[in-house]
Amino acid sequence: MKTLLTQSSETAAEFIKQGGIVAFPTETVYGLGADAFDPHAISKIFEAKMRPPDNPLIAHVGSIEQVYQLAVEIPAAAKKLIDVFFPGPLTVVLPKTESVPLLATAGLDTIGVRMPSTWIAREFLAACGRPVVAPSANLSGRPSPTTWQAVREDLDGRIDCILQADPTVIGIESTVVDCTSEIPVLLRKGGVSLERLREIVPEIRDYDSDEIAASRSPGLKHKHYSPAAAVVIVQSDEQFDATPTDGFIGLRNRPGPFRLVSICPNAEAYARSLFEFFRECDRQGVRRIFCEAVPEEGIGAALMDRIRRAADTG
Ligand code: TXA
Ligand code: MG
């Protein structure tokens, strides 16, 4: 298959309308989209990414009306969250309608829904004229793509089209909140912090304190975000010995013979840079990546979650 590169939302949307699969930018990471109501198109996503079939997809909407095509009901807590955080890096899990194929939700009777905020994503979704299901546009297990070039690196020849735009602004995936239970549960940390969510819905539970979350959010059990290099977490005051095949990313400069270094001015910039830094380390044959730990507040909590998963320490 030849993968078309385009900067035209209209051109990219045409492939969606014809049952194809298209990578497109959002404020979090690039997604790989298909018509949310077309099982055959959805099956192509799983094939192209080599994604396990038990990992559900997120539906992206361009309008609130489209939420009602996907969900039979919007519980009160979800309504509040949607009012404040749509469009933005928040996914709410809702009871799904019959028209959403079970293939999209990995057999669950719920669907994750989010409304991206970047203008190009909004233009693309408007041109599609329907909800678009999309996981991150990487090969399964690899770091999520924050540039169109990273999408091409993983999926060239496997998908119909890449909608080219700027690197993504947030750089890690959306926050996922299950709103189908009496008390909403945070299933994945992401672009909207738990502190911010609790300003709107104070009773939201953190999945760390809710063991059933992993079974509710099947994707969480899969290995994620991993570069080929080994990832090592270091505390901000920790000494360590580096070699010339190591990389370092963090907030504070370190002496060392590193092959690749990224010093970030703050946690937001660190989150924005992390996945592309992982990919660049792989391109340059870095064998070990030292990641400086940051305080787990604001975006820092999601950032540490991704670093831990990459280091495979939970
Ligand atoms: O920022 C994002 O969320 C990006 C962009 C493209 O929107 N998408 C993304 O999708 O990260 P993906 O497939 O890499 O992660 C989707 C995760 C699943 O692995 C699962 O943990 C959770 O979202 N999820 C999706 N639907 C769910 C559902 N019905 N119930 C529980 N968890 C769900
Ligand atoms: Mg993903």
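The residues of the chain are indexed from 1 along the displayed sequence. Numbering of ligands and ligand atoms starts at 1, following listing order. Computed over heavy atoms, backbone and side chain alike; hydrogens, waters and symmetry mates excluded.
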Atom indices of ligand 1 within 4.0 angstrom of [X] heavy atoms, with elements:
X	result
T28	1 (O), 2 (C), 4 (C), 5 (C)
P135	10 (O), 12 (P), 13 (O)
E173	1 (O), 2 (C), 11 (O)
H60	5 (C), 6 (C), 7 (O)
G31	6 (C)
N55	18 (C), 19 (O)

Fill in: Option among T243, V286, D246 that satisfies the side chain to side chain contact (heavy atoms under 4.5 Å, CB included) test with R259
V286

Worksheet item: Is it the case that T26 and R114 place a side-chain donor and acceptor less than 3.5 Å from each other?
Response: yes

Fill in: Closest to atom 28 (C) of ligand 1 among L108, N138, I58, L187 (heavy-atom distance)
L108

Worksheet item: Roughly how far apart are S9 OG and W119 CH2, rounded to 0.5 Å?
Response: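 Taking OG in S9 and CH2 in W119, the distance rounds to 6.0 Å.
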
Discussion item. If the contact criterion is a heavy-atom separation under 4.0 Å, does V29 count as touching ligand 1?
Written reply: yes

Discussion item. Quick one, S174 and I58 - any side-chain contact, counting heavy atoms below 4.5 Å?
Written reply: yes

Worksheet, complete the sentence: Residues pairing under ring pair (Phe, Tyr, Trp, His ring centres under 6.0 Å) where one sits in residues 20-54, two or more places apart or in two chains, turn out to be F24-H60, F24-F124

Worksheet entry | Remaining members of hydrophobic cluster (4.5 Å side-chain criterion), V261 |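 In the cluster with V261 are V232, V234, F240, F248, F258, I263, F290.
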
Item to complete: Give the contacting part of T110 toward ligand 1: side chain, backbone, both or neither, where contact means a heavy-atom distance below 4.0 Å.
Response: both

Worksheet item: Does K96 approach ligand 1 within less than 4.0 angstrom via side chain, backbone, both or neither, non-hydrogen atoms only?
Response: neither

Discussion item. Test your reading of the structure: does T91 have an N or O sitting under 3.5 Å from an N or O of ligand 1?
Written reply: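 No - when backbone and side-chain N and O of T91 are compared with those of ligand 1, no distance drops under 3.5 Å.
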
Discussion item. Would you say that more than 12 heavy atoms from the other residues, nucleotides or ligands in this model lie under 6.0 Å from the CD of E182, or not?
Written reply: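 At most 12 heavy atoms, drawn from other residues, nucleotides or ligands, come within 6.0 Å of this atom.
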
Worksheet item: What are the two closest non-hydrogen atoms of A34 and I45, and how far apart are they?
Response: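 Closest approach of A34 to I45, heavy atoms only: CB-CD1, 3.6 Å.
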
Worksheet item: Within S136, is some N, O or S atom less than 2.8 Å away from the Mg ion (ligand 2)?
Response: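 For S136, the answer is yes, given that an N, O or S atom comes within less than 2.8 Å of the Mg ion (ligand 2).
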
